[in-house]
Each structure stands twice: as structure tokens, then as C-alpha cells.
Enquirer: 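Once you've had a glance at the structure underneath, I'll fire off some questions.
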Amino acid sequence: MSRTPLFAGNWKMHKNVKETLEFLEDFLPLAKDIPSEIEIAIFPPFTSLYAAFEKLKGSGIKLGAQNMHWEDKGAFTGEISPPMLKEIPCDYVIIGHSERRQYFAETDDTVNKKVKSAVKYGIVPIICVGESLEQREKGETLSVVLSQVEKAIWEVQIEDGGKLIFAYEPIWAIGTGKVALPSDAQEVIGAIRGKLSQIYGSISQDVRILYGGSVKPDNIKDLMAQPDIDGALVGGASLEAKAFYQIATYNRG
Ligand code: 13P
């Protein structure tokens, strides 16, 4: 068993087309030096996806979107469909980020619909789960997170573990500079893998599970030393070419 480490840059609502191209001008020369056993993906806003795709050609860097609707078309003003993402083409889509759950009424049910749709269209979903500070303090972390996991993949059939990715992002760690202790992140991510193995059996060993929340060049190494952490979903630090490169090359000492 081996899971390719993935460093995914979630740009959130940052970088227009011009800024996206400027980032890649800086990042692509650095990225040539990242070994092929490490996978890199960026998640720009929808409006920058096609420009990013053109610029990334031949680089081996993957591309993803930050959200999508579950239907393939229809009267859903302001939404983007899975076939639209396939056309770009996007390899990945982030589903159920806590900011979408918090500000845009995303629920476990809509997350499940989107995950089913992503799998159907062959776009690998990065499914985000994580507890609030209040839930952690009440000792509810594992019950909250495992319930989110179970509901996200309800009736989702996969033939191999590469079809799904999870990201454990404790809400209190996002954008706060308060990274989770590596041992705490491992405890939750190990429990997620345990839940996946109940549902999917041995192929759960091939499902990648990322950590997200205040990942920086100086804390990634200890996180990656944990047996079940397969990479990171990086917010703020992925907006800067050098910091994102340093995260992806964490094992250079
Ligand atoms: P930060 O790395 O800025 O804390 O954001 C994490 C995140 O939400 C990635 O999806």
C-alpha cells in the first residue's frame, strides 16, 4: 500500500486571472524541482480555472474547483455544474468546506448529493469535515467528524480508494494560526480511516486523508510524520509561491 502525498492549495476567494498567472510564473519554475512522487493541486476561483489549466499544461500539477452543484444543468442561477468542471478539465473538486457549511447553508445532505455527483462524473471530491471549538471542548470531536464522514458517503459506491479524498479541517484551526497538534490530527484522521474501512473494507487503505488548518512551512513536517496523514489542504500559505513550494518539499530538512 502506498498513498501519494497530496498538497492542495485552496485559494478561496483570492486571485483573479492576472494574479493566478503571476502566481504560476513564480511557482512553476520552483515546482520543476518537486519530485514526481509528490502530487500538487491548486484550487483557484472558477473565473481563473481555464487560464490556470492553460498555464499548467505539461507541468504535472493538478487542478480543482472549490465547489460545484450536483445537477448537470438547469435553472440554478449562479451555480456551476460537474460537466462544466469536466470541460476545463478539473481533476478535483472540494466539497463541503466548513466555510460553505457555515456561510452558504451547505448541509450533510447537499454534501452527499455533490459527492455522488462528483464520483459519477469522474471528478475526485476532496470532502471536508471538522469540528468547531465548542464541539472539541465538549469532547464531541470524533462523533461529529465521523458522522459527517458517514453522511457524506452515504450510498456512495467506489471501486477503488483513489476515487475519494478527505480533508480533516478543524474549524478552530482554519485561518487562525492555531494548527492542530500532530497527534490530535492523527487521532481523528486514524478514526476516519477506521470508519472508511468499516464501509469500504481494504480499499480504504488507498483513500487519501489530508489535514487542513494553518498549515505552514514550519509545521508540515511533524504533521506528515503521522502515519495516516497523506498531505495537506492549504489555505493562506498556498497563495504565496515560495511558501507553498516549501510545504511541498517539507522533507528536504
Ligand atoms: P488556512 O491554511 O488559511 O488555515 O486555511 C485552511 C483551509 O481552510 C483550507 O481549505
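In listed order, ligands and their atoms are each counted from 1. Note that the structure is predicted; figures quoted are calculated from it, not measured.
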Enquirer: Is R100 salt-bridged to E106, going by a charged N under 4.0 Å from an acidic O?
Expert: yes
Enquirer: Does even one non-hydrogen atom of S214 get within less than 4.0 Å of ligand 1?
Expert: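 It does; at least one heavy atom falls under 4.0 Å.
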Enquirer: Are the charged groups of E159 and K163 less than 4.0 angstrom apart, N to O?
Expert: yes
Enquirer: Please step through salt bridge (charged side-chain N to carboxylate O under 4.0 Å, His left out) for the pair K242 and D26, ending with a clear verdict.
Expert: CA-CA 8 Å; K242 180 140 184 259; D26 293 339; over 6 Å; no
Enquirer: Would H97 count as being in polar contact with ligand 1, using the rule that some N or O on each side must be under 3.5 angstrom apart?
Expert: yes
Enquirer: For ligand 1, is any non-hydrogen atom under 4.0 Å from A173's backbone (N, CA, C, O), its side chain (CB onward), both, or neither?
Expert: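 Backbone only.
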Enquirer: Numbering the atoms of ligand 1 from 1, which are under 4.0 Å from a heavy atom of G236?
Expert: 1 (P), 2 (O), 3 (O)
Enquirer: Which atoms of ligand 1 have any heavy atom of L233 under 4.0 Å away?
Expert: 9 (C), 10 (O)
Enquirer: For A237 and ligand 1, answer yes if some heavy atom of the residue is under 4.0 Å from a ligand atom, otherwise no.
Expert: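 It does not; every heavy atom stays at 4.0 Å or beyond.
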Enquirer: Geometry only, no angles: is G175 polar-contacting ligand 1 at N/O separations under 3.5 Å?
Expert: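 Between G175 and ligand 1 (N or O atoms, distance only) the closest approach is under 3.5 Å.
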Enquirer: Enumerate the atoms of ligand 1 whose separation from the nearest heavy atom of E169 is less than 4.0 angstrom.
Expert: 6 (C), 7 (C), 8 (O), 9 (C), 10 (O)
Enquirer: For ligand 1, which atoms have a heavy atom of G213 less than 4.0 angstrom away?
Expert: 4 (O), 6 (C)
Enquirer: Work out whether the distance between some heavy atom of K12 and some atom of ligand 1 is less than 4.0 Å.
Expert: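 So K12 counts as touching ligand 1.
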Enquirer: Does the N or O separation between G235 and ligand 1 drop below 3.5 Å for any pair?
Expert: yes
Enquirer: Do the side chains of D109 and K114 get close enough for a salt bridge, i.e. N-O under 4.0 angstrom?
Expert: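 No, no charged N to carboxylate O under 4.0 Å.
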Enquirer: Are R193 and D230 ion-paired here, with the side-chain N under 4.0 Å from a carboxylate O?
Expert: yes
Enquirer: When you measure from the side chain of R101 to the backbone N and O of C128, does any donor-acceptor pair fall under 3.5 Å?
Expert: yes
Enquirer: Look at E71 together with K113 and state whether they make a salt bridge at an N to O cut-off of under 4.0 Å.
Expert: no
Enquirer: With heavy atoms of N10 as the reference, note each atom of ligand 1 found under 4.0 Å away.
Expert: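 By the 4.0 Å cutoff, the relevant atoms are 9 (C), 10 (O).
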Enquirer: Salt bridge check: are E22 and K15 linked by an N-O gap of less than 4.0 Å?
Expert: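 Salt bridge between E22 and K15, a charged N being under 4.0 Å from a carboxylate O: no.
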